[in-house]
J.: 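Could you have a look at this structure, given as structure tokens, before my questions?
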Amino acid sequence: MKRDFFYAIIIFCSQVYFSFTALFNIQTGGEGTAGTAYVVYCTILFMLGVVNFFWDISKLWSSNAKFLLPLVILFIYIISGISAGLTASPYFLCLGAFSLPATLAAIIFGSRNSLSSLVKWLDVFFLFFAISLPFIVSRMYAVIMSGYTQYDQSLSYMTANCFLIDIFLLTFGNRYNRFKFTQKRIYKWFSITMIPVCIFINLFAGGRGAFLVIMVGFIYVLFHIKATKILTYLLSVVTVSYILFALFSSKSDTSVKNVFERNSGRVVAYISNEGIDMSETSGRDGIYEKAIFQISERPVLGYGIYNYLVENHNMNPHNFFLEILLQGGIIFLLLFIFILFRFVCKLRYIIKLDSRQVMIMPFVLYSFTELMFSGSYMANAYFWFALTYVYMFDSRKAFNSQLR
């Protein structure tokens, strides 16, 4: 199981890299402009993931061949990208660099019916991410002051990721065998303190979709814990937020305050008295309108998995269902609705059957919430990881083990 550390790095590939570079002050661009070092890093991780996968899957080949289906599906996506001549597209590259390795990891964990070895490493990654956040915030502020941008989507989603890992480990981590340092009181209080800190940093970074991820994760947890923990979390949020705002107001210079006020306002700017103000969604209204028009032109079969990107100058519609309709029309949408229905039904069943399976939910909540407003499911590693893990999970085997 020691090799599972590499699977964990693969799943958090991008965040590990940018946390590391910020922590050690290594200059790098964003995900699309990070340069050769980032490409080499992703390539090495990809190769390690493939080697690990074939080492582990050799034990399953004769007894369980269901793992071939996710690989065949991804192979179809890869062939489609090659035939469309879009191998340089970021969506094609991210499918190969992030989604494929995450799927391989999910096949291994799912075939074991267990996330235990992954959860054990989550504490290490959470601690690493949490320590790196101040350095990433400092780098983001310098970029904003240079006039290059006004907010940071990457930092927003990194804090949302950190938040979900944190609050799920705090709530459900006692169901797992974890490292000894996680039992220390100081670590538990640090984890509780990080809940409002992540919210605060997210508001400072100005990411709307990431803030929704945090809220969805928070609401899910509140509905699944006892009243005493709810009070602890809420008291932590209120207390630490008050301290942060007090320190922020007394120590921060005007420019920092202006960035926070502007970006925190941006997070909720689309909410008005009349409902959702689409003019405050960074052009989503125009993107959705164009996507709907294109869907109406080819409603049954769509444009093809990658061909719709040609029609849109390599831009996706920032909505999961619109993207599906553009790719394969109503036929593709019905297929995905069937897949998602089966996924949700099985997900609920396996969590009810084995409460430890709840740790798949951070990946589910993060990916599905984000995909309603941003990004492409083809490039979303968490989406493929969650879908594949639930597919590979052997419910009958888990049920029989419960009877023993």
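Position 1 is the first residue of the sequence; numbering continues from there. The analysis underlying the following values was restricted to heavy atoms, covering all of them including side chains, and did not include hydrogens, waters or symmetry mates.
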J.: Do the non-hydrogen side-chain atoms of Val358 and Met361 ever get within less than 4.5 Å of each other?
T.: yes
J.: Can you sort out the partners of Ser355 under side-chain contact (heavy atoms from CB on, under 4.5 Å), two or more places apart, ordered by chain and number?
T.: Arg175
J.: Between the main-chain N or O of Phe341 and the side-chain N or O of Lys346, is there a donor-acceptor pair closer than 3.5 Å?
T.: no
J.: Is there a donor in the side chain of Asn202 and an acceptor in the side chain of Tyr157, or the other way round, less than 3.5 Å apart?
T.: no
J.: So does Gln183 have more than 12 non-hydrogen atoms from other groups sitting under 6.0 Å from CD?
T.: yes
J.: Do you know the tightest heavy-atom contact between Leu127 and Tyr187?
T.: CD1-CE1, 4.0 Å
J.: So with a 6.0 Å cut-off around CE of Met47, is the heavy-atom count from everything else above 12?
T.: no
J.: Tyr7 and Asn52: side-chain donor and acceptor closer than 3.5 Å?
T.: no
J.: Grab the two heavy atoms, one from Lys188 and one from Leu170, that are nearest each other, plus how far apart they are.
T.: O-CD2, 4.0 Å
J.: Check the angle between the aromatic planes of Phe363 and Phe385 and answer parallel, tilted or perpendicular using the 30° and 60° thresholds.
T.: tilted
J.: To the nearest 0.5 Å, what is the distance between CG on Leu133 and CZ on Phe128?
T.: 10.5 Å
J.: Distance-only, no hydrogens or angles: does the Arg178 side chain make a donor-acceptor pair with backbone N or O of Val119 under 3.5 Å?
T.: no
J.: For Tyr389 and Gln357: C-alpha separation, side-chain torsions, deciding distance, then whether side-chain contact (heavy atoms from CB on, under 4.5 Å) applies.
T.: CA-CA 10 Å; Tyr389 178 81; Gln357 302 305 323; 2.5 Å; yes
J.: Hey, can you tell me if Tyr38 and Phe98 have their rings parallel, tilted or perpendicular (30° and 60° cut-offs)?
T.: tilted
J.: Taking side-chain contact (heavy atoms from CB on, under 4.5 Å) as the test, write out the residues that go with Arg298, two or more places apart.
T.: Tyr303
J.: Check for me whether the distance between the ring centres of Trp121 and Phe12 falls short of 6.0 Å.
T.: no
J.: Establish, yes or no, whether a centroid distance under 6.0 Å links the rings of Phe368 and Phe343.
T.: yes
J.: Would Arg112 and Asp4 pass as an ion pair if we require N to O under 4.0 Å?
T.: yes
J.: Apply side-chain contact (heavy atoms from CB on, under 4.5 Å) to the pair Tyr382 and Ile11, showing each step before the final yes or no.
T.: CA-CA 7 Å; Tyr382 286 8; Ile11 295 168; 3.8 Å; yes
J.: If you count heavy atoms of other groups shown closer than 6.0 angstrom to CZ of Phe181, is the number above 12?
T.: yes
J.: Say you draw a straight line from CZ of Phe129 to CD of Gln15; how long is it, rounded to the nearest 0.5 Å?
T.: 4.0 Å
J.: Looking at Ser367 and Asn380, what are the two nearest heavy atoms and their distance?
T.: CB-OD1, 3.5 Å
J.: Is the side chain of Ser83 donor-acceptor paired with the backbone N or O of Ile79 at a distance under 3.5 Å, no angle test?
T.: yes
J.: Would you confirm whether the ring centroid of Tyr377 sits within less than 6.0 angstrom of the ring centroid of Phe336?
T.: yes
J.: Aromatic contact between Phe320 and Phe383, with the criterion being ring centroids under 6.0 Å apart: yes or no?
T.: yes
J.: So Asn316 and Met378, side-chain contact (heavy atoms from CB on, under 4.5 Å) or not? Walk me through it.
T.: CA-CA 10 Å; Asn316 74 80; Met378 294 188 293; over 6 Å; no
J.: Taking the ring of Phe168 and the ring of Tyr220, is the distance between their centroids below 6.0 Å?
T.: yes
J.: Closer than 3.5 angstrom, by distance alone: can the side chain of Thr21 be matched with the main-chain N or O of Tyr17 as a donor-acceptor pair?
T.: yes
J.: Going through the distances and angles, do Leu309 and Ser89 end up as a side-chain contact (heavy atoms from CB on, under 4.5 Å)?
T.: CA-CA 9 Å; Leu309 292 169; Ser89 165; 4.0 Å; yes
J.: Any donor and acceptor pair, going by atom type alone, linking the side chain of Ser138 with main-chain N or O of Phe135 inside 3.5 Å?
T.: no
J.: How many angstroms lie between atom CD1 of Ile337 and atom CD1 of Ile330, to the nearest 0.5 angstrom?
T.: 10.0 Å
J.: Which residue is it: Gln327, Gln294, Glu323? I am looking for the one with a side chain to side chain donor-acceptor pair (under 3.5 Å) to Tyr308.
T.: Glu323
J.: Backbone N or O of Ile78 within a donor-acceptor pair of the Tyr306 side chain at under 3.5 Å?
T.: no
J.: With rounding to the nearest 0.5 Å, note down the distance linking SG in Cys345 to CD1 in Ile350.
T.: 12.0 Å
J.: Using a 6.0 Å distance limit plus a 45 degree cone around the ring axis, check whether Lys66 lies over the aromatic ring of Tyr391.
T.: yes
J.: Under the side-chain contact (heavy atoms from CB on, under 4.5 Å) rule, collect the residues that match up with Arg185, sequence neighbours excluded.
T.: Trp189
J.: Between Thr369 (side chain) and Tyr366 (backbone), is there a donor-acceptor pair under 3.5 Å?
T.: no
J.: Okay, side chain of Asn113, backbone of Asp394: is any donor-acceptor separation there less than 3.5 Å?
T.: yes
J.: Is the backbone of Phe373 close enough, under 3.5 Å, to the side chain of Arg208 for a donor and an acceptor to pair up by distance?
T.: no
